[in-house]
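Keep in mind it's a predicted model, so treat the numbers as computed, not measured. Side-chain atoms are counted along with the backbone in the values below, which use heavy atoms only and exclude waters and symmetry mates. Order of the sequence lines sets the chain letters (A, B, ...), proteins ahead of strands, with each chain counted from 1.
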Number of protein chains: 2
Amino acid sequence: MGDRMETHTLFHTIHQLSRQLTKQVNDTLQPFGLYSAQWAVLFVLKTKGQMSQSALCEYLAVEAPPMTRTIQRLAKQGYVGQTPGEDKRVKVIHLTEKAQQAYPEWERAVLSMNDRLLECVPEEQRVFMQSLLNEWLGKMKGDLHE
Amino acid sequence: MGDRMETHTLFHTIHQLSRQLTKQVNDTLQPFGLYSAQWAVLFVLKTKGQMSQSALCEYLAVEAPPMTRTIQRLAKQGYVGQTPGEDKRVKVIHLTEKAQQAYPEWERAVLSMNDRLLECVPEEQRVFMQSLLNEWLGKMKGDLHE
DNA sequence: TACAATAGTTACCTAGGAAACTAATGGGGG
DNA sequence: CCCCCATTAGTTTCCTAGGTAACTATTGTA
């Protein structure tokens, strides 16, 4: 019985960890006028290159409406552009020159935050944690599509 | 360099896992007209007994405003009562008879969901994951108070 | 007694999901 | 071949969840 109860604790821990992490990211990005959801999009665009909005949704595992909002804010700040694709329904999102120039500074801040948060977690444990969580997430999402 | 990049992935995995879990909880509780944040409060009250609102906040690691909202909704649904404490500022929250009666059914639903989600994760890995995440969270919160 | 600290609320912000909608695309039947 | 219809990309609206700042009311203390 004690076993089953502890599952509540596991879920709670993950939830709390997630909130703490995004709070840290927000604090780190605040000087630049950016928020965590925006950073996630900027990072993907920088790493993978330009992408349609739906591709961004799928990659970040986020529904369409929040993505629309995040991109509209980024566009208003002049960090991304939306060009219509071959298919006239899609909008291809790309980083602007302004974003390309500012990006290194953003990345420095985020990476140094990452280092700070992870310095107390040995490399080996980090890798193991990552693989466990990823495997679990994969199985969870797999089950949903059965 | 590849190493540092992977930290983005770790954070993203945790974030996504957290969202998936609360989505599952919400789906499970929807038939009862409850949401995940409410369930967290009900669970703590059932497990620990009546508590002041600020004690609930601390225990669940949530700020005061969201807690006020969650409790007000629970009160409106007749699941918790708020009695003024000795100190006239505090409100002591307790489960109503209605909640006590419905609780076992809620718990059954949630526990069976837990089992379903965790059946693909070996007991041993679960325990290890829990301890790693908890330790990390503890260190993170510890650093903030330095 | 004046003042700092605490409990809780209110107002406003970001993040995300569900449902209903619009516009464009792409396939079958006639 | 063309039209109707299902599908898809994005948007709008409205909901929950959580955080910050500013506020009120009470308490405790210097």
Trainee: Which part of the nucleic acid, if any, lies within contact of A/Thr22, taking any heavy atom under 4.0 Å across all strands shown: a base, the sugar-phosphate backbone alone, or nothing?
Mentor: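 A/Thr22: no heavy atom of the nucleic acid under 4.0 Å.
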Trainee: Find the distance B/Gln16:CD to C/dA15:C1' and express it as a whole number of Å.
Mentor: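 It works out to 15 Å between those atoms.
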Trainee: How would nucleotides 20-30 of chain D be written as a contact map, 5' to 3', with B for base contact, S for sugar-phosphate-only contact and - for no contact, using protein heavy atoms under 4.0 Å?
Mentor: BB---BBS---
Trainee: Taking atom P of C/dC13 as reference, at what distance in whole Å does atom CG of A/Leu29 sit?
Mentor: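 Value for this atom pair: 20 Å.
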Trainee: Is B/Ser54 touching bases, backbone alone, or none of the nucleic acid, heavy atoms closer than 4.0 Å?
Mentor: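 The residue B/Ser54 makes sugar-phosphate contact but no base contact.
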Trainee: Rounded to whole angstrom units, what separation is found between the CG atom of A/Leu21 and the C1' atom of D/dG19?
Mentor: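 So the two atoms are 15 Å apart, to the nearest Å.
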Trainee: Using a cut-off of strictly less than 4.0 Å, decide whether A/Thr68 has a side-chain nitrogen or oxygen near OP1 or OP2 of D/dG10.
Mentor: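 It does not, given that no N or O in the side chain of A/Thr68 lies less than 4.0 Å from OP1 or OP2 of D/dG10.
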Trainee: So, A/Thr28 side chain and A/Gln24 main chain: donor-acceptor pair closer than 3.5 Å or not?
Mentor: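 Checked: pair present.
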Trainee: Only counting residues at least two apart or in another chain, list the ones meeting side chain to side chain contact (heavy atoms under 4.5 Å, CB included) with B/Asn26.
Mentor: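 Side chain to side chain contact (heavy atoms under 4.5 Å, CB included) list for B/Asn26, sorted by chain: B/Tyr35, B/Ser36.
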Trainee: Which residues satisfy the ring pair (Phe, Tyr, Trp, His ring centres under 6.0 Å) test with A/Tyr59, sequence neighbours excluded?
Mentor: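 None.
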Trainee: Say whether, by atom type as modelled, one donor and one acceptor occur between the side chain of B/Trp136 and the main chain of A/Leu17 under 3.5 angstrom.
Mentor: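 Looks like no, no N/O pair under 3.5 Å.
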Trainee: Should B/His15 be listed as having a side-chain N or O under 4.0 Å from OP1 or OP2 of C/dG16?
Mentor: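 Checking C/dG16 against B/His15, a side-chain N or O does come within under 4.0 Å of OP1 or OP2.
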Trainee: Select base, sugar-phosphate, or nothing to describe what A/Gln72 touches, counting heavy atoms under 4.0 Å on all strands.
Mentor: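 Touches sugar-phosphate only.
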Trainee: In terms of side-chain geometry, is the basic nitrogen of A/Glu123 or A/Arg126 positioned less than 4.0 Å from the acidic oxygen of its partner?
Mentor: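 Here A/Glu123 pairs with A/Arg126 in a salt bridge, since their nearest N and O are under 4.0 Å apart.
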Trainee: Heavy-atom count around B/Glu58 CD within 6.0 Å, excluding the residue itself: above 12?
Mentor: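 Incorrect, the count does not exceed 12.
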Trainee: For B/Val110, which of B/Leu29, B/Leu34, B/Leu42 qualifies under side-chain contact (heavy atoms from CB on, under 4.5 Å)?
Mentor: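 Going through B/Leu29, B/Leu34, B/Leu42 one by one, the side-chain contact (heavy atoms from CB on, under 4.5 Å) with B/Val110 is satisfied by B/Leu29 alone.
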Trainee: Specify the separation, in whole Å, of atom CE of B/Met51 and atom P of C/dG8.
Mentor: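 Nearest whole value for this atom pair: 12 Å.
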Trainee: Specify the separation, in whole Å, of atom CD of A/Gln53 and atom P of D/dA9.
Mentor: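 Spelled out: CD on A/Gln53 to P on D/dA9 is 11 Å.
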Trainee: Rounding to a whole Å, what distance do you find between A/Lys91:NZ and C/dT22:C1'?
Mentor: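 Computing the A/Lys91:NZ to C/dT22:C1' distance gives 12 Å.
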Trainee: Would you indicate what A/Ser36 reaches in the nucleic acid, counting non-hydrogen atoms under 4.0 angstrom: base, sugar-phosphate, or nothing?
Mentor: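 Sugar-phosphate contact only - A/Ser36 comes under 4.0 Å of backbone atoms but never of a base.
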Trainee: Figure out the CZ/P separation between A/Arg19 and C/dG16, and round it to whole Å.
Mentor: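 After rounding, the reported distance stands at 14 Å.
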Trainee: Whole angstrom is fine here: how far is it from CD in B/Gln82 over to P in C/dG8?
Mentor: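 Answer to the nearest Å: 10 Å.
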